[in-house]
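Structure record follows, encoded as structure tokens.
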Amino acid sequence: MAVEILKEKYRSTVGEVVLGATKDQGGTRSHTITVGGEGALPYLHFEGSIPNRPVVALEVWDMVPAEWDPLFEKYYGDVWSDPGTWAKKCVDEFGAEMIQIRLKGADPDLKGASVDDCIGAVKKVLEAVGVPLIVVGCGKPEVDNTLYAPIAEAAAGENLLMGVAELENYKAVTSACMANQHNIIAQSPIDINICKQLNILIAEMSTAMANRIIIDPTIAALGYGIEYSYSIMERARNGALQGDKMLAMPMIGNVGLESWRAKEANQPEAGEPSWGEQEERGILWEATTAMAYLQSGINIMVLRHPETLKVVKANIDDLMKDNSY
Amino acid sequence: MGLTGLEIYKHLPKTNCKDCGSPTCLAFAMALASGKASLDACPHVTEEAKGALDSASAPPIKLVKVGTGDHVVELGEETEIFRHDKRFFHPTGVAVLISDSEDVAAKAEAFEALEFHRVGMHYVTDMVAVKCDSGDAGKFKAAVETVAGKTKKAMVLITEDPAIMEAGLGVVADRKPLIHAATAANFEKMVALAKANSCPLVVKGEGLDATAELVEKIVALDYKELVLDSGARETSKVLADLTQFRRLAVRKKFRPFGYPAIAFTAKEDPREEVVQAGTYLSKYADVLVLKASGKQQLLPLLSWRQNLYTDPQKPIAVEAKLYDIGAPTEESPVYVTTNFSLTYFIVEGEVESSRIPSRILSVDTGGISVLTAYADNKFSAETITAAIKKSGIEDKVKHRKLVLPGHVAVLKGALEEESGWEVVVGPREASGITKFSKENFA
Ligand code: B12
Ligand code: SF4
């Protein structure tokens, strides 16, 4: 009996965004990475084209991440005092496809790194690795707003992905990206309307920037509100395919950062014997979080544990196999 | 196949008597067609018509039960493709696989010991699968016997050889295990076994077409306690097939696929296996069979299942009130948090493990988390102060010292002013509470 395969007919596709720039293109990256372009729900190759793999990045800080679980020391302890060497290890040894440099040191309560220090950290990473870069601030808008323009300028031509722009605070980062042709992370608090509104505001500042937006719908870790982010992402992706241009951007999430805040990732086995071995549990907490977001349509994931990166890559390899009928 | 309103209308009495609550028979037919009404609402419909309309009023995916007593696992009866449209109803049955060629007793004991507590919830693996790898009926029977002796949980029996299946069923038929599987080669015998023992039966085809065909053959033998298996074992293929099962059943009321579906992991590496299992859990597996049985492997999976199957329309809240942890005195510390159950139970767990008798004031935030409520003005100096006054805490403790979640440290000043209490900023993550309380209150 021939089953009539049910393929959805979509009106539109997700926009494609190219990250990084090679020498010919005015940058210094060894290659570029294209994200987005889906014409189907996640990995349903039978109903539309999924031209680009989702991308896995590892995070690098411009200071020693004292708050990370001690188990990370064995992977990063030898390199985390220098963002360049740290990034190089992530790419060469662990297989990161992108690096996200988080300028945590700029936080006045932590290190109070100057603008020049931050530029220096970004440059070190640019010199150390050939992959495209994501640059985010310390998370305090008043500080981050002073960083965007000088960094965007110092890295002009590199076609960075910079962030984050939020509804109440998007102008500084948008103008910095606009002036130097970088891409932007537009972050909304798990709210589809705010997501659209912010994209519209950015597009109003510059129509060219509309094609350079990566949506961060805000994610939560497994067990800490993940289902809200999962559903918002599914809705955004459906909206994009149904033709809503202001939702038709690729999506990014800080999977590593969120997952490693969870108690389930950090609690030593002795403290909770019924949860099993800690590091394995932490890796799987992060990998399961990543798995869920792959199923809801994420395009770029910033991970933390090198072993998570490995297993998530293997899952992506599997998901990218054609399943046409 | 689903019937249209007009097709249904033909079978109704056409008297427009309104007893069903609809203004006309036609309106009722339309409501039936869109799944908004149930045929029982019309008291006048004939038995014949009922039979004919069965398919239109039946849920798109049949409810199938595995197991007995307190250990029944209900599968199917899902109505959605996306959880945000309504919700998913029957959480995927997660079955740990035990082969008759390994140390069955040890694995069964380890399985039975699996249970997890997190955030006020208790998770279990609800099924156990026993597979014949030995090709030996005696060995399989012994394995089934051993497992059945160690656990009362719902079982899946796996062999395509009807004689071996019969041996296994001989031991546990009364526990209504799920039989895996009827195939094109063995289905007559397997159906006979399933029928004789009234056990649910997996229909395993080779691809969607063959699966649909086999389902129809089995339905023609008058057996409908079925579960679907397209035979695929590669991640991407399984994802596609599970999606087609769900979509065709829900959207097209395609009857051959109107049953729950089963998926099997195929990865050898336990990490990859967990991620593969999670993929199937996300996308439409009603039963999942996996080899991984370590606590650290199952905890993330079962947590994801719990998250995925929550009702997106209503956040789970606890009563907003003052909670005693241990036997607090008038000197005991007071913590404040929201009444989002996830938040509350995380905090409660940590305060408990500090082993210092305490009180937790849970503020009514409409069941949302600390920062969400803060951003929405539901966790503010005013709402916390109101909760303090209402809770009667001021008569219960002598001190006036409140521990605030670190994420909302900015509220300290305003809250001190509004409430007259001294506010101590606690750690940001609740996991820091144990250490914090030892330093401040021990
Ligand atoms: C899920 C979520 C939602 C869900 C709400 C689910 C719910 N029932 O709460 C939804 C989608 C509805 C939502 C809505 C909004 N959200 Co929201 N949401 C989140 C998200 C992703 C996770 C929140 C969560 O569940 N965390 C898990 C719980 C357990 O955390 P928690 O309550 O904070 O508890 C932890 C600690 O605070 C601590 N703790 C708790 N109590 C106590 C007590 C003491 C004494 C101590 C010491 C510690 C402690 O322990 C816990 C574990 O460590 C976060 C971002 C993120 N990744 O965290 C944004 C976030 C909280 N949301 C945010 C916002 C802005 C909103 C909206 C206002 C957006 C809008 N639409 O305008 C709305 C609110 C409107 C409303 N009425 O709902 C912002 C808040 C920004 C800020 N700093 O003010 C966040 C941070 C996202 C962001 N980065 O922008 N949100
Ligand atoms: S109760 Fe039956 S006969 Fe009466 S109006 Fe409704 S559908 Fe028609």
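Atoms considered below: every heavy atom in the structure, side chains included; atoms not considered: hydrogens, waters and symmetry mates. Order of the sequence lines sets the chain letters (A, B, ...), proteins ahead of strands, with each chain counted from 1.
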**Report entry** Region of Tyr325(A) in contact with chain B, defined by heavy-atom distances below 4.5 Å
**Finding:** side chain

Query raised in the report: Just wondering, do Glu115(B) and Tyr123(B) contact through their side chains at under 4.5 Å, heavy atoms?
Result: no

Requested in this report: Carefully, step by step, assess Thr92(B) and Tyr309(B) under the rule side-chain hydrogen bond (donor to acceptor under 3.5 Å, both in side chains).
Outcome: CA-CA 9 Å; Thr92(B) 308; Tyr309(B) 281 83; 3.3 Å; yes

**Report entry** CA sep, side-chain torsions, deciding dist, call: Glu280(A), Arg271(B), salt bridge (Lys or Arg N to Asp or Glu O under 4.0 Å)
**Finding:** CA-CA 8 Å; Glu280(A) 194 60 22; Arg271(B) 290 179 191 158; 2.9 Å; yes

Requested in this report: Please look at Ile190(A) and chain B and tell me whether the side chain, the backbone, both or neither of the residue comes under 4.5 angstrom of a heavy atom of that chain.
Outcome: neither

Requested in this report: Please look at Glu277(A) and chain B and tell me whether the side chain, the backbone, both or neither of the residue comes under 4.5 angstrom of a heavy atom of that chain.
Outcome: both

Report task. Would you mind reporting whether Gln244(B) and Tyr284(B) have side-chain heavy atoms less than 4.5 Å apart? Result -> no

Query raised in the report: Looking at side-chain heavy atoms only, is the closest gap between Trp61(A) and Leu110(A) below 4.5 Å?
Result: no

Requested in this report: Tell me, with the steps shown, if Ser236(B) and Asp318(A) meet side-chain hydrogen bond (donor to acceptor under 3.5 Å, both in side chains).
Outcome: CA-CA 6 Å; Ser236(B) 159; Asp318(A) 289 336; over 6 Å; no

Query raised in the report: Tell me, side chain or backbone of Lys310(A) under 4.5 Å from chain B's heavy atoms, or both, or neither?
Result: neither

**Report entry** Residue Arg53(A) excluded, over 12 heavy atoms near CZ under 6.0 Å
**Finding:** yes

Requested in this report: Among the options Lys321(A), Met320(A), Glu269(A), Glu272(A), pick out the one with the most heavy-atom pairs lying under 4.5 Å from chain B.
Outcome: Lys321(A)

Query raised in the report: Does Asp376(B) reach the main-chain N or O of Lys378(B) with its side chain, forming a donor-acceptor pair under 3.5 Å?
Result: no

Query raised in the report: What part of Val274(B) is in contact with chain A, defined as an atom under 4.5 angstrom from a non-hydrogen atom: side chain, backbone, both or neither?
Result: side chain

Query raised in the report: Given a strict heavy-atom distance threshold of 4.5 Å, which part of Lys283(B) is in contact with chain A: side chain, backbone, both, or neither?
Result: side chain

Query raised in the report: What's the verdict on salt bridge (Lys or Arg N to Asp or Glu O under 4.0 Å) for Arg247(B) and Glu47(A), showing C-alpha distance, side-chain angles and the deciding distance?
Result: CA-CA 13 Å; Arg247(B) 276 189 184 175; Glu47(A) 72 185 5; 2.8 Å; yes

Requested in this report: Tell me, out of Leu319(A), Ile232(A), Ile5(A), Leu44(A), who's got the most heavy-atom pairs with chain B below 4.5 Å.
Outcome: Ile5(A)

Query - Residue part contacting chain A, namely of Asp241(B), when any heavy atom lies under 4.5 Å - result: both

Query - Part of Leu342(B) lying under 4.5 Å from any heavy atom of chain A - result: side chain

Query raised in the report: Considering only heavy atoms, which portion of Tyr43(A) lies under 4.5 Å from any heavy atom of chain B: side chain, backbone, both, or neither?
Result: both

Query raised in the report: Which bit of Leu298(B) is near chain A, if near means a heavy-atom gap under 4.5 Å: side chain, backbone, both or neither?
Result: neither

Query - Side chain proximity check, Arg237(A) to Glu38(A), heavy atoms < 4.5 angstrom - result: yes

Report task. Under the side-chain hydrogen bond (donor to acceptor under 3.5 Å, both in side chains) rule, what do Arg304(A) and Ser259(A) come out as? Steps first, then yes or no, please. Result -> CA-CA 9 Å; Arg304(A) 183 168 292 177; Ser259(A) 305; over 6 Å; no

Query raised in the report: What part of Asn266(A) gets closer than 4.5 Å to chain B, counting heavy atoms only: side chain, backbone, both or neither?
Result: neither

Query raised in the report: So, Ser229(A) side chain and Thr218(A) main chain: donor-acceptor pair closer than 3.5 Å or not?
Result: yes

Report task. Heavy-atom pairs under 4.5 Å with chain A are the metric here; pick the option from Glu216(B), Glu234(B), Gln306(B) that has the most. Result -> Glu216(B)

Report summary line: Highest number of heavy-atom pairs under 4.5 Å with chain B among Gln278(A), Glu307(A), Glu4(A) belongs to Glu307(A)

Query raised in the report: Quick one: what part of Thr310(B) sits under 4.5 Å from any heavy atom of chain A, side chain, backbone, both or neither?
Result: side chain

Query raised in the report: chain B heavy atoms under 4.5 Å from Pro189(A): which part of the residue, side chain, backbone, both or neither?
Result: neither

Query raised in the report: Would Gln276(B) and Thr235(B) count as a side-chain hydrogen bond (donor to acceptor under 3.5 Å, both in side chains) if you check the C-alpha gap in whole Å, the side-chain angles of each, and the deciding distance to 0.1 Å?
Result: CA-CA 7 Å; Gln276(B) 187 182 44; Thr235(B) 314; 3.1 Å; yes

Query raised in the report: With only heavy atoms counted, which part of Glu8(A) is less than 4.5 Å from chain B, the side chain, the backbone, both or neither?
Result: both

**Report entry** Leading residue by heavy atom contact count with chain A [cutoff under 4.5 Å; candidates Lys237(B), Arg118(B), Glu272(B)]
**Finding:** Arg118(B)

Report task. Taking Lys313(A) for its side chain and Gly95(A) for its backbone only, find out whether a donor-acceptor pair lies under 3.5 Å. Result -> yes

**Report entry** Proximity of Tyr75(A) and Trp68(A) rings by center, below 6.0 Å
**Finding:** no

Requested in this report: Give, as side chain, backbone, both or neither, the part of Ser282(B) having an atom under 4.5 angstrom from any heavy atom of chain A.
Outcome: both

**Report entry** Region of Glu429(B) that comes under 4.5 Å of a non-hydrogen atom in chain A
**Finding:** side chain

Report summary line: With chain B, the option among Arg281(A), Gln267(A), Arg235(A) that has the most non-hydrogen atom pairs under 4.5 Å is Arg235(A)

Report task. Name the option with the most non-hydrogen atom pairs under 4.5 Å to chain B; the candidates are His45(A), Lys7(A), Lys263(A). Result -> Lys263(A)

Requested in this report: Side chain from CB out, backbone as N, CA, C, O: work out which of these in Leu41(A) comes under 4.5 Å of a heavy atom of chain B, or both, or neither.
Outcome: side chain

Query - Contact origin within Ala287(A) toward chain B - heavy atom pairs under 4.5 Å - result: both

